[in-house]
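Notes for the one structure printed next.
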Amino acid sequence: MSFIKPDVLFSLVDCNNFYASCERVFSPKLERKAIVVLSNNDGCIVARSNEAKQMGLKMGEPAYQRKDFLKKNEVAIFSSNYALYGDMSERVMSTLAEFVPEMEIYSIDEAFLNLTSLVHPKPDKLALQLKEIVKKRTGIPVSIGMAPTKTLAKVANHLAKRSVENSGVFVLSSGSRIKEVLENFLVEDLWGIGLQYSKFLEKNGIKTALQLRNAPDHWLKKHLTVTGLRMKYELQGISCLPLEMAPPPKKGIGCSRTFREAVESEEGLREAISTFAARCGEKLRQQNSYSKVVTVFIRTSPFKKGYYCNCKVAELPTATNYSPDLIRYALKALEIIYKPNCRYKKAGVFVSDITTAGGVQGNLFERGERERPKKLMAALDAVNERMGRGTLFFAVQGIEGEWRLKQEKLSPCFTTKWKDLLIVRG
DNA sequence: TCTGGGGTCCTAGGACCC
DNA sequence: TCTGGGGTCCTAGGACCC
């Protein structure tokens, strides 16, 4: 009997091409076919199967610019189906949680694990087993990278994905192996290095992760702030980023959308803003918190001339998560920034200055009860949870606004709607 | 015609106080 | 000629992530 040695403290499990893989689970005929998933309003390409990547389709490309190419190459196209992806994510995460004592859900398709308390002779064999269980239970293929720090686990995961012979698992433990890998790892592929930093680093002769690791502390701190310094230590195998098992409450919450068609009327915007504000209330209540500041923004298309963009911050007399209050203040803010004769393309509502349930400051001038609104919201949330979001809503949100989403290629909600359940014929 | 959405952390600099 | 100094809090903006 032996434990996993702590020189591979962190494992990163990452679902391969997550959205595309979710669509494929329920349409086996798409196996080995090119798939793309589009952003809201079928705007940009946000996920691609390996086959689509090989065709040269890029992340973030506007779909209309590739319309002919997609058709000619018979690429399967899907609108984003967040109900499906959210549910599939939950299945993957709960499968992992069954076998792993400590994990941090990092995003919809990634989780960091700590496997050191598990009894197993070989870490790579354990990872391989996990990978197979997830695939068998959920249909989703994952890759796993193991290393002494989170940043190195990201590197290992990157390598697990890149080469077929790694079979989706890559372990990075010994110092000499780490050095060898970092020497061939582009700095722009590091977790925490985006376009701006990679341009800057390249200008200063730093092209590989090993070169970044060798850069002087003070220079890194000066130009990449403490984040850059932390990255250096993490690449040396000194862990600076702990596993966060309980997600902290959000400090800001927002809801914004690009409209299907431009909206000119104030009434149209009022519908959209009310809907976004109500959604913010829902999210606040989900994490049991209250907000004191509501920000509303509206804007026309930045790709057209006569661009107009404005926002208004409204401070509430007391912190709240009561949707009617949030809507009221948001609409007042909208009134101030609304300018007629503009073709609005996007709008949004943000709530900030968030406190948790216990921390709400009472307002001396506040009147009326606290309990009734609370019960009302609880009832509203319960119905929408059970019957689907949008079952109960406020009249001011409207019903058929031209701003609502375009989702022409939406797949059925296989896992969350009875009517969309797959029927298997014997 | 058509270009996503929702977050985090860090720093510099200004306001304000004593 | 010469215009204090140090601390805290807040905000805007820039970088990053998926």
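In this text, all values refer to a predicted model and were calculated from it rather than measured experimentally. First the proteins, then the strands, lettered A, B, ... as listed; each starts at 1.
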Using a cut-off of 4.0 Å on non-hydrogen atoms, how would the nucleic acid contact of [X] be classed: base, sugar-phosphate, or nothing?
X: A:Asp109; result: sugar-phosphate
X: A:Lys199; result: nothing
X: A:Arg260; result: nothing
X: A:Lys222; result: nothing
X: A:Leu224; result: nothing
X: A:Glu110; result: sugar-phosphate
X: A:Leu195; result: sugar-phosphate
X: A:Gly348; result: nothing

Subject >> Distance-only polar pair, side chains of A:Ser143 and A:Asn16, donor-acceptor under 3.5 Å >> reply: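 The answer is yes; a qualifying pair exists.
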To the side chain of [X], which of [options] is closest?
X: A:Gln196; options: C:dC16, B:dG4, C:dC17; result: C:dC16
X: A:Lys250; options: C:dC18, B:dG7, B:dC10; result: B:dG7
X: A:Tyr197; options: B:dC9, C:dA15, B:dT3; result: C:dA15

Original post:
Looking only at atom C1', what distance separates C:dG4 and B:dC17, rounded to whole Å?
Top reply: 14 Å
Output yes when at least one side-chain N/O atom of [X] is less than 4.0 Å from OP1 or OP2 of [N], else no.
X: A:Ser107; N: C:dC17; answer: no
X: A:Arg257; N: B:dG6; answer: yes
X: A:Ser256; N: B:dG6; answer: yes
X: A:Lys346; N: B:dT3; answer: no

Original post:
Under the 6.0 Å and 45° cation-pi test, does A:Lys332 pair with A:Tyr329?
Top reply: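 Yes, a cation-pi geometry.
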Original post:
Can the positive tip of A:Lys346 be found less than 6.0 Å from the middle of the six-membered ring of A:Phe259, inside 45° of the ring normal?
Top reply: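 The answer is no, since A:Lys346 fails at least one limit relative to A:Phe259.
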Original post:
Is the ring of A:Tyr64 stacked on the base of B:dT3, with centres less than 5.5 Å apart and planes under 30° off?
Top reply: no
